[in-house]
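See below for the structure under consideration.
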Amino acid sequence: MSNITPSRLWTRDSSVLLGGIILTMIVVVYFWWPLADTVIKRMNQDGQWWLHTDWLLIGIFAFMTITIMARANLKRDALIIFTATCGGLVIEAWGTQTNLWHYYTAERPPLWIIPAWPIATLSIDRITIFLEFLIKKITKDKAPKIIFKAAHWLIFGIFAVLMISFVAPTIDKSFTIFSLLICAAIIFTPTEYRRTVLIFIAGAALGYFLELWGTTRRCWTYYSLETPPLFAILAHGMAAVAFWRVGLLLKAIKRKISSVPRLKLVIPWGKR
């Protein structure tokens, strides 16, 4: 990361990912045209489109797109896309089925929001890489591990308290119990403290703007009516860490399967 050049920032896979994002946008607009039509009509209601344009959404989407293009590697990013898509679907199902939050379309969950999860997670991955580069540059790669270990327990301790408090009304729901157990497993079985902390920070930072947009535009609303609740912001950091941990698990399983010797079936053709 020390010798970053423009040519290395934009790779062949960057073009593929950009094409994938554009295609996803086209699909969402095509299948959920009423949503796009509502936005267009709102912009053109008095001819002054620049006053009604959602510049926050444009800024968020532009930032995520630019960061995703940096040093894209489909071989690596495919796993991120897979885990974030599946994980996002599970998270949205949990929240909407337990009424912790709901979307203005009343879908539980809405499929049109699912592509936002892998897009955001890819952006968080790039932010994390930049943060790691920055820390290594400042500390000359000699940052004491105890700092990140302490930060891990402080950050996740605060998150655990906020999560239990926020989901308390649905504590009797199986979806919520499952979510709490998953978060506990991730918190109490840390792997790389520095990587975990940086992913959480990157996810929460991007999550703030995503939640600010979504809750103030009433795209989704939490039962607490906060715009947005602190838990929801930090939950983006937790989700990013969870997706990363699942990716590590899948890689470990793949290595385990690859290391198993292949059995050769010998059939004694012609022998009696």
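Note that the numbering runs from 1 along the sequence shown for the chain.
- By the criterion of side-chain heavy atoms lying less than 4.5 angstrom apart, applied directly or through intervening Ile, Leu, Val, Met, Phe, Trp or Tyr residues, I146 is not grouped with I135; the two fall into different hydrophobic clusters.
- With values rounded to the nearest 0.5 angstrom, T128 atom OG1 is found 10.0 Å from L206 atom CG.
- Taking CE of M25 as the reference point, atom CD1 of I22 lies at 7.5 Å (rounded to 0.5 Å).
- F231 meets the ring-ring contact (aromatic ring centres under 6.0 Å, His included) test with F159, F166; sequence neighbours excluded.
- Between W117 and the options I91, V90, T85, a side-chain contact (heavy atoms from CB on, under 4.5 Å) holds for only I91.
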- Go through the steps to decide whether I187 and W153 satisfy the test side chain to side chain contact (heavy atoms under 4.5 Å, CB included), and finish with yes or no. CA-CA 8 Å; I187 293 172; W153 293 113; 4.0 Å; yes
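- One distance of note links CD1 of I68 with CD1 of I124; it measures 10.0 Å at 0.5 Å rounding.
- A donor and an acceptor atom, one from each side chain of W94 and T176, are located under 3.5 Å apart.
- Qualifying ring-ring contact (aromatic ring centres under 6.0 Å, His included) partners for H152, counting only residues two or more places apart in sequence or in other chains: F156, Y193.
- Under a hydrophobic-cluster definition in which Ile, Leu, Val, Met, Phe, Trp and Tyr are linked whenever side-chain heavy atoms come within less than 4.5 Å, directly or via other members, I233 and L154 are assigned to the same cluster.
- In the hydrophobic cluster analysis, where Ile, Leu, Val, Met, Phe, Trp and Tyr join through side-chain heavy atoms closer than 4.5 angstrom, M64 is grouped together with I114.
- Counting heavy atoms of neighbouring residues, nucleotides and ligands inside a 6.0 Å radius, atom CZ of F175 exceeds 12 of them.
- V167 and L225 are not part of a single hydrophobic cluster, where members link through side-chain heavy atoms under 4.5 Å apart.
- With hydrogens and angles ignored, the 3.5 Å screen pairs no side-chain donor or acceptor of S165 with any backbone N or O of L162.
- Note that the OG1 atom of T65 and the CG atom of L122 stand 10.5 Å from one another [nearest 0.5 Å].
- One distance of note links OG1 of T121 with CD1 of I81; it measures 10.0 Å at 0.5 Å rounding.
- Connection of I164 to V161 is not established within any shared hydrophobic cluster, with ILVMFWY side chains joined at heavy-atom distances below 4.5 Å, either directly or through further cluster members.
- Through side-chain heavy atoms spaced under 4.5 Å, either directly or across other Ile, Leu, Val, Met, Phe, Trp or Tyr residues, V246 is tied to L79, F82, L250.
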- Message: Between N99 and Y223, does the side chain to side chain contact (heavy atoms under 4.5 Å, CB included) criterion hold? Intermediate values first, please.
- Response: CA-CA 7 Å; N99 291 317; Y223 80 92; over 6 Å; no
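- Counting heavy atoms of neighbouring residues, nucleotides and ligands inside a 6.0 Å radius, atom CZ of F178 does not exceed 12 of them.
- If you take CZ on R126 and CE on M69, they are separated by 7.5 Å, rounding to the nearest 0.5 Å.
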- Query: side chain to side chain contact (heavy atoms under 4.5 Å, CB included) between R194 and K136: does it pass, once the steps are laid out?
  - Reply: CA-CA 11 Å; R194 181 169 68 180; K136 288 181 179 180; 3.4 Å; yes
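- The closest donor-acceptor contact from the side chain of R245 to the backbone of T189 lies under 3.5 Å.
- A donor-acceptor pair is defined here as one N or O able to donate and one able to accept, closer than 3.5 Å; no such pair exists between the side chain of E132 and the backbone of R195.
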